[in-house]
Amino acid sequence: MKSFIRILFTAGMLFTATQSCAQSKNDYKSRIDSLIESPASPRPFNGVVLITQNGKIKYSKAYGFRDSRTKVPLKMKDQFEIMSNTKQITSVLLLKQFEKGNVNLQAPIKKYLSSLTQSWADSVTVHQLLNHSHGIVDTEKPLLFKPGTEFKYGNLSNILLGKIIEQVSGKSYIQLATDLFKELHLNNTFCYSKNKRRNLVSGHMNKDHVFTPVENSFINDENMPADGVISTAEDMALWNSLLHKGKILNSTTYQLMTTSSILSQHDVFGKDKMGYGYNIRIVKDQGISYLGHTGLGDGFASLNMYIPGSDVSVIVLENQMSEDSRLFYYYETLIKDFILRSDWAKTDR
């Protein structure tokens with residue numbers, strides 16, 4: 001009889017623990033919903049959020065509309081301009097040329113871009129373009145600082161990287177990127193084209209909760225390596241899994257990309273300077289080490305965050321951009337902070 005009671009007690013405890021765990025998981029989802037749907041928020045959220053762990057979806061939801069004029073609801077498979085998250089793809093394309101022996105990361109960029117006339121082309125290296133420590137503000141002007149001594153973020157470095165990639169490969173950036181997406185089965189990722197928008201949603205400028213569609217994208221062939229990739233949340237999570245699990249670059253090259261080589265500050269990732277690799281931020285916050293980047297422009301905002309220790313990807317894509325710079329990444333920051341405090345960031349579930 002005592003054994004039977006003990007078994008019932010143990011079963012009851014297990015049931016309670018399992019029930020508590022299930023409630024905890026559901027609570028996480030409802031708490032993310034409440035963050036996004038709070039009436040006290042200074043601006044509305046319009047986009048998609050995808051959180052995965054070990055390749056499994058933990059949270060997936062679309063909010064708002066594809067276009068403010070039609071009010072057609074967003075879907076998780078809709079495509080967004082990921083803006084500066086494109087730069088991570090450009091780093092990979094450059095590093096794949098490095099793996100083939102076509103590029104020396106420590107070589108001066110003059111070696112690959114002979115048309116550059118400024119004397120600094122003989123001192124700025126490919127490595128310094130990749131981590132934004134080059135000091136170039138204009139190809140016709142002197143450097144802002146001595147290469148390698150400071151961090152100055154911008155699109156020009158990736159425009160130049162794109163030219164280097166094309167020079168050493170003999171192929172266009174768009175062709176190489178398209179081939180990579182096909183190889184990795186990123187079937188809903190492509191380089192922007194105004195004539196082939198596929199399932200790309202409309203970007204919007206948001207001023208005082210009024211959404212104005214962006215009629216003309218600033219993306220062109222020139223700045224494609226900096227801002228030009230279109231993708232979905234699902235494809236970006238797959239990209240994270242492939243990149244960070246050694247399916248795209250070899251281990252040595254991957255370490256080069258994800259090792260801090262300069263310090264920089266970005267409000268989404270904290271008030272202090274953190275590490276920066278090759279178009280990727282290396283951050284430690286609340287005891288959690290993670291990799292991340294943001295993208296902004298053309299009426300879009302995005303966050304790509306990956307936590308290696310727990311194999312968690314956090315993708316936030318919005319097709320709206322606030323005219324108030326303080327609100328650029330309002331929800332991205334809220335969601336990031338919530339994830340870092342959650343068990344998702346700390347343990348396998």
Side-chain angles (χ1 to χ4, degrees), residues 32-51 59-89 153 155 188-220 223-224 226-237 266-268 292-305 314-336:
I32 295 173
D33 287 343
S34 66
L35 284 176
I36 293 173
E37 297 171 350
S38 171
S41 296
R43 70 164 175 84
F45 178 84
N46 205 93
V48 300
V49 180
L50 177 64
I51 301 167
Y59 182 92
S60 175
K61 201 162 185 178
Y63 297 84
F65 43 77
R66 290 172 48 90
D67 190 313
S68 61
R69 293 161 293 196
T70 63
K71 303 295 184 180
V72 174
L74 278 169
K75 297 180 179 179
M76 287 304 299
K77 291 189 177 294
D78 282 334
Q79 295 163 323
F80 292 72
E81 295 181 21
I82 64 172
M83 290 283 105
S84 285
N85 275 301
T86 297
K87 293 177 172 67
Q88 191 176 120
I89 294 164
Y153 184 79
N155 286 343
N188 293 303
T189 302
F190 65 101
C191 291
Y192 175 84
S193 169
K194 66 178 181 180
N195 297 320
K196 294 182 180 180
R197 293 174 59 89
R198 293 172 62 175
N199 208 29
L200 174 62
V201 302
S202 296
H204 298 83
M205 295 305 299
N206 175 5
K207 183 177 182 180
D208 298 328
H209 305 331
V210 176
F211 286 72
T212 303
V214 174
E215 299 287 355
N216 298 302
S217 173
F218 67 73
I219 301 172
N220 54 37
N223 62 28
M224 188 72 66
D227 294 304
V229 171
I230 312 302
S231 192
T232 64
E234 186 178 87
D235 269 13
M236 291 182 71
H266 191 293
D267 284 348
V268 171
H293 215 279
T294 55
L296 186 76
D298 246 7
F300 291 86
S302 62
L303 169 70
N304 180 5
M305 173 181 173
V314 181
I315 309 296
V316 183
L317 303 176
E318 289 193 82
N319 62 327
Q320 72 90 35
M321 175 181 167
S322 178
E323 290 200 3
D324 183 344
S325 62
R326 296 169 298 178
L327 301 177
F328 279 166
Y329 297 110
Y330 176 78
Y331 289 100
E332 288 77 5
T333 305
L334 278 183
I335 294 168
K336 179 216 69 172

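Because the structure is predicted, anything quoted here is derived from the model rather than measured. One is the number of the first residue; the rest follow in order along the sequence.
Applying the side chain to side chain contact (heavy atoms under 4.5 Å, CB included) criterion to Pro42, with sequence neighbours excluded, gives Leu327, Tyr330. With sequence neighbours excluded, the residues satisfying side chain to side chain donor-acceptor pair (under 3.5 Å) with Asp33 are Tyr59, Lys61, Tyr63. With sequence neighbours excluded, the residues forming a side chain to side chain contact (heavy atoms under 4.5 Å, CB included) with Thr70 are Asp67, Val72, listed by chain and number. Lys75 is linked by a salt bridge (charged side-chain N to carboxylate O under 4.0 Å, His left out) to nothing, counting only residues two or more places apart in sequence or in another chain. Looking at residues two or more places apart in sequence or on another chain, you find a side chain to side chain contact (heavy atoms under 4.5 Å, CB included) between Ser302 and Ile82, Asn85, Leu317. Residues that satisfy the side chain to side chain donor-acceptor pair (under 3.5 Å) test with Glu81, not counting sequence neighbours, are absent from this structure. For Ala237, the side chain to side chain contact (heavy atoms under 4.5 Å, CB included) partners two or more places apart in sequence, or in a different chain, are Leu50, Thr52, Ser313, Ile315. For Lys336, there are no side chain to side chain donor-acceptor pair (under 3.5 Å) partners two or more places apart in sequence or in a different chain. Not counting sequence neighbours, the partners of Arg43 by the side chain to side chain donor-acceptor pair (under 3.5 Å) test are Glu318. With sequence neighbours left out, the salt bridge (charged side-chain N to carboxylate O under 4.0 Å, His left out) criterion links Asp235 to no other residue.
No donor-acceptor pair closer than 3.5 Å links the side chain of Asn304 to the backbone N or O of Met236. Using modelled atom types, no side-chain atom of Thr232 and backbone atom of Asp78 make a donor-acceptor pair closer than 3.5 Å. Side chain of Thr333 to backbone of Tyr329: a donor-acceptor contact under 3.5 angstrom is found. Using modelled atom types, one side-chain atom of His204 and one backbone atom of Ser202 make a donor-acceptor pair closer than 3.5 Å.
Of all heavy-atom pairs between Gly228 and Thr86, the closest is N-OG1, 3.5 Å.
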Under 3.5 Å, which donor-acceptor pairs link side chains of residues 210-218 to any protein atom two or more places apart or in another chain?
from, atom 1, to, atom 2, distance (Å)
Glu215, OE2, Arg69, NH1, 3.1
Ser217, OG, Ile219, N, 3.0
Ser217, OG, Asp298, OD2, 2.5

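A salt bridge links Lys87 and Asp227; the closest N-O separation between the charged side-chain nitrogens and carboxylate oxygens is under 4.0 Å.
Sorted by first and then second residue, the salt bridge (charged side-chain N to carboxylate O under 4.0 Å, His left out) pairs with a member in residues 189-204 form an empty list; sequence neighbours excluded.
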